[in-house]
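Residue numbering restarts at 1 for every chain, and letters A, B, ... go by the order of the sequence lines.
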Amino acid sequence: MTADQLSGLSDTLFSTSVGLYSLAVVAFCAQLAFGRRPAPERALVGAGAPADGPAAVETPALDDPPAVRRWGQVAMLLTVLGALTHTGVLVTRGLALDRLPWGNMYEFATAVVLVAVVAFVVLAVRSPGLRHLGLFVLAPVVVSLVAIGLFLYVEGAPLVAALRSSWLAVHVTTAILGFGVFFVSGIASVLYLVRSRFEARGGDPSSSRLVARIPSAATLDRVAHRTAVFGFPIWTFAVIAGAIWAESAWGRFWGWDPKETWAFIAWVVYAAYLHARTTAGWRGRPAAWVNVVGLGVMVFNLLYVNMVSSGLHSYGGVN
Amino acid sequence: MTTTAPPRPAAAPPPPSARPSALRRTGGFLLRQWRRLTAMRTAIILLFLLALAAIPGSLLPQRSLSQSNVSRYFADHPTLAPLLDRLYLFDVFSSPWFAAVYLLLFVSLIGCVLPRALEHARALRTAPPPAPRRLTRLPDSAALATPLPSADALDTVEEELRVRRYRVVRRERNGTAELSAEKGALKETGNLVFHLALVGLLLALAGGKLWGYEGSILVTEGQRFCNSFQQYDTYSSGALVEGSDLTPICVGLDDFRAEYEEDLTASSFTADITYGAPGAEGRPTTIGVNDPLRVDGDRVYVTGHGFSPTFTVTRPDGTSFDDVSAPFLPTDQGTMASEGALKLPDLGAGTDDQLALQGFFAPTGLTQAGILTSIDPRPLAPQVAIVAYEGYLGLDSGLPQSVYSLDASQIERGRLSEVARGNLSVGESLALPDGTTVTFTGYKEFAALQFSHDPGQVWVLAAAIAVLAGLLGMLLLRRERVFARAAGRPGDGGTVLEVGALTRGSGDSGPRFTALTDDLRTALAARAAPRAPSGAAPPTGGTPE
Ligand code: HEM
């Protein structure tokens with residue numbers, strides 16, 4: 001295949017992925033809509049349960065009626081298929097350009113969303129109860145991808161001289177991984193905030209409202225914390241690798257360039273989140289808010305800093 | 001000395017009996033403040049403050065990044081900018097209030113972490129703590145029954161735990177044998193390494209700031225510079241750097257190359273340079289983007305490039321100045337369209353006999369309706385659009401002026417006036433009214449080079465690696481404590497083993513505890529088997545609830 005055909009294929013796969021994820025959203029909706037959660041033990045696990053309590057907090061989705069389980073399986077299948085074509089988007093673009101496919105904002109953001117989807121799939125395979133989060137992960141994924149396709153899309157182009165370094169692979173890959181994992185963590189905290197209010201008001205877990213169908217607040221809190229704990233060292237490493245690269249590309253390892261500043265701010269906010277998780281008075285909802293702020297900072301760093309402010313990091317390729 | 005100062009009744013010494021209580025009161029107050037400062041809650045607040053404090057540094061232009069952006073902001077916001085400036089908002093990262101936030105954070109950190117480090121050092125040398133009275137209260141617990149006597153049963157547990165690298169200690173309390181085991185002290189070590197490495201990182205950064213310096217200079221092909229503050233176009237240096245401390249080294253630029261992809265994306269910039277001690281035979285090497293020269297803790301970078309158009313100026317009397325040039329700064333990196341000025345103060349006899357060329361250089365020029373633009377960053381068809389001025393340049397007026405442009409005030413005052421203008425390709429000339437001709441003879445390339453010295457840099461890297469290592473230890477390791485108590489089973493000489501576990505760290509402890517108790521059961525059964533080959537009840541167990 002020629003480079004042009006590969007580029008075209010990449011764009012087609014992008015649309016395909018959006019389509020598959022959208023179908024997955026529909027299937028996840030159906031799973032939630034038809035679900036009648038009988039499991040009464042869930043009701044016992046209130047917000048006050050220890051965050052790292054016994055594993056039985058979230059019983060697998062096996063107690064769902066068969067129709068619900070089938071919808072859940074269809075949704076997961078669509079998600080996995082979407083993740084495969086989504087991977088194809090980046091692979092074909094990389095082949096067409098003969099370089100790593102994260103040289104501009106379109107490619108970077110597309111890769112971040114892929115990491116978020118994969119992180120969700122891994123979580124959902126390991127604890128099937130978390131499949132009920134599918135709608136809340138996949139809907140933002142679809143929205144993000146559509147926005148990326150509309151506003152960030154650029155034709156593939158060769159990399160400028162400063163980006164031609166093996167540190168591109170190290171720094172940007174880890175930044176993408178960290179961001180994708182924080183994305184899932186942030187969603188879990190948002191849902192935790194919703195669900196914990198529901199539980200605090202003594203919400204009926206067998207009610208037909210959507211919030212009754214998502215995992216318990218304790219589970220969501222644990223998912224948010226564990227993913228953040230996974231993402232934080234990755235992000236730390238990404239920042240350090242960026243500093244090492246900046247030392248050879250720009251002549252100093254740290255210069256408070258806007259991108260660097262916001263990477264630092266995000267790092268500090270996530271450190272605050274990890275502290276808050278273990279500090280009396282901050283556990284629970286305040287800590288979850290910190291995590292949500294962290295995700296906000298990450299998104300701001302991607303969008304605002306690339307598109308509005310100017311600095312050494314202005315490789316976005318979006319004008 | 002004043003003798004009229006009124007007596008100070010208010011400040012009279014307090015009665016002696018009140019002194020210790022005041023002292024104690026301030027002492028108590030200070031202690032309370034110190035406790036408050038070193039509390040985790042304060043750390044969270046300070047972390048937030050640090051994040052907030054960094055925000056203006058990214059939204060407002062900063063002097064450390066671009067002096068010209070700050071000047072533009074001053075021009076655009078003449079009333080607001082001086083106010084912001086008084087709050088150090090154009091120097092956020094070197095401002096006293098930013099320093100106050102991070103210094104408080106680090107004082108809090110040290111106050112919090114040092115006692116913990118001492119505590120941890122002590123804990124590493126002491127045995128695991130005694131078992132809690134009621135093991136069933138622990139997050140994970142189980143009861144195992146075995147026909148073994150209690151000492152043997154605990155032996156088995158100890159063996160199993162030692163294989164799993166626990167530190168084990170056996171105790172006897174109120175006639176009951178019990179066992180405490182612990183592993184994963186490295187988790188706490190990781191926490192301490194992480195937090196202390198952050199302090200190290202800050203110290204290394206500060207050291208680099210105090211003893212480091214950086215200078216930038218434009219060097220045209222064929223020229224060289226030596227490492228001294230007089231030579232640099234711009235430089236910055238730490239408070240403890242003296243001019244005489246600078247490494248004696250000179251760098252010459254032999255050749256500069258910029259390479260481009262088909263779509264004119266710049267793919268590489270390389271400079272062939274020669275470097276060495278002043279006066280010594282230099283050593284040749286090639287540097288480029290992502291590939292600086294590193295010698296003895298100093299680094300030389302290529303940070304940009306551009307063109308210096310060359311001109312030959314011939315006076316009516318036949319004297320000529322051959323191939324004089326000045327660097328023109330690129331205003332558009334995509335096409336390398338550049339602007340600059342060439343000043344010739346020594347052309348004629350008088351001070352009003354000076355000549356200057358100000359203009360625009362296009363490496364590949366295209367002239368439409370008399371306007372020259374550049375359409376390609378490569379020097380395929382160089383052209384210049386120049387305006388010639390004659391008069392007094394004001395170079396010796398004592399006021400500094402930019403080498404890249406003429407002093408506009410001299411033009412306004414009429415001391416420097418335009419005499420001719422024109423667009424030239426290589427080889428073409430512009431005739432001035434006084435008979436002088438200016439010929440555009442070609443161009444040289446220059447490179448923007450940066451010389452950097454930062455003795456803190458390797459320490460920053462070392463501290464950053466320690467931060468990461470500590471972080472991984474703290475987040476990924478688990479500290480687990482296992483306790484067991486053996487109670488004799490009345491009647492048959494067998495034992496009921498109570499086992500409990502307490503885990504700190506990520507992950508579900510439940511499944512691991514189940515695996516441990518399963519293994520214990522198997523081991524107990526294996527050990528009991530030869531003693532009671534027949535009829536022994538299979539060991540029973542399960543959670544007591
Ligand atoms: C530069 C500022 C700081 C940063 C970036 C930072 C970062 C972190 C991180 C990422 C963790 C891991 C949390 C976890 O285990 O999930 C942590 C733990 C901890 N930090 Fe800090 N920290 C800072 C300052 C402080 C200060 C000032 C204190 C004391 C007041 C402190 C006390 C602790 C303690 C006690 C833990 C362990 C929590 C636990 O055992 O679970 N830290 N810190």
For this session: Could you tell me which of B/S267, B/A464, B/A54 has the largest number of non-hydrogen atom pairs under 4.5 Å with chain A?
Result: B/S267

Exercise. Going from CG on B/L52 to CD1 on A/I265, what distance comes out if it is rounded to the nearest 0.5 angstrom?
Worked result: 8.5 Å

Problem set entry | Enclosure of B/R35 CZ (heavy-atom neighbours >12, cutoff 6.0 Å) | no

Exercise. Taking atom types as modelled, is there a side-chain donor on A/W245 or B/N290 under 3.5 Å from an acceptor on the other?
Worked result: yes

For this session: Look at the side chain of B/E261 and the backbone N and O of A/P158, then say whether any donor-acceptor pair between them is shorter than 3.5 Å.
Result: no

For this session: Mind ranking B/T303, B/I45, B/D263 by heavy-atom pairs under 4.5 Å with chain A and telling me who comes out on top?
Result: B/D263

For this session: Over all heavy atoms of both residues, which pair between A/R252 and B/R299 is shortest? Give the atoms and the distance, please.
Result: CA-NH2, 4.4 Å

For this session: Answer yes if the side chains of A/W262 and B/S58 hold a donor-acceptor pair under 3.5 Å, and no otherwise.
Result: yes

Exercise. Can you pull the side chain to side chain donor-acceptor pair (under 3.5 Å) pairs that have at least one residue in residues 44-55 of chain B, sequence neighbours excluded?
Worked result: none

Exercise. Hey, is B/E259 close enough to A/R164 for a salt bridge, meaning N to O under 4.0 Å?
Worked result: no

Exercise. What's the spacing between B/L468 CG and A/I234 CD1 if we round to 0.5 Å?
Worked result: 10.5 Å

Exercise. Is it the side chain or the backbone of A/I244 that comes within 4.5 Å of chain B heavy atoms, both, or neither?
Worked result: side chain

For this session: Measure across B/R41 and A/T279 and return the closest heavy-atom pair with its distance rounded to 0.1 Å.
Result: N-CG2, 4.1 Å

Problem set entry | Note, A/P233 side chain near B/L475 side chain (heavy atom, < 4.5 Å) | yes

Exercise. Are the side chains of B/S452 and A/E247 in touch, meaning some heavy atoms are under 4.5 Å apart?
Worked result: no

Problem set entry | Region of A/Y273 in contact with chain B, defined by heavy-atom distances below 4.5 Å | neither

Seminar exercise, completed: Exactly one candidate in B/L49, B/L47, B/L46, B/L105 meets side-chain contact (heavy atoms from CB on, under 4.5 Å) with A/V268; the answer is B/L47

Exercise. Do the side chains of B/Q62 and A/W256 get nearer than 4.5 Å, heavy atoms only?
Worked result: no

Problem set entry | Partner chain A: residue of B/F269, B/Y260, B/F48 with the largest heavy-atom pair count (under 4.5 Å) | B/F48

Seminar exercise, completed: Closest heavy-atom pair, B/E214 versus A/G251, reported as atoms and distance to 0.1 Å, is OE1-O, 4.1 Å

Seminar exercise, completed: CH2 of A/W254 to CG of B/D454, rounded to nearest 0.5 Å, is 14.5 Å

Exercise. Which atom names give the shortest non-hydrogen contact between B/P292 and A/S248, and what distance separates them?
Worked result: CD-O, 3.8 Å

Exercise. Step by step, would you call A/F253 with B/L461 a side-chain contact (heavy atoms from CB on, under 4.5 Å)?
Worked result: CA-CA 10 Å; A/F253 61 85; B/L461 181 62; over 6 Å; no

Exercise. Do other residues, nucleotides or ligands put more than 12 heavy atoms under 6.0 Å from B/Q67 CD?
Worked result: yes

Seminar exercise, completed: The reported gap from CD in B/Q450 to CH2 in A/W250 (rounded to nearest 0.5 angstrom) is 13.0 Å

Exercise. So do B/L50 and A/F264 actually touch side chain to side chain, heavy atoms under 4.5 Å?
Worked result: yes

Problem set entry | Option that, when pairs with chain A are counted at under 4.5 Å, heavy atom only, ranks first among B/I44, B/T265, B/V289, B/V460 | B/I44

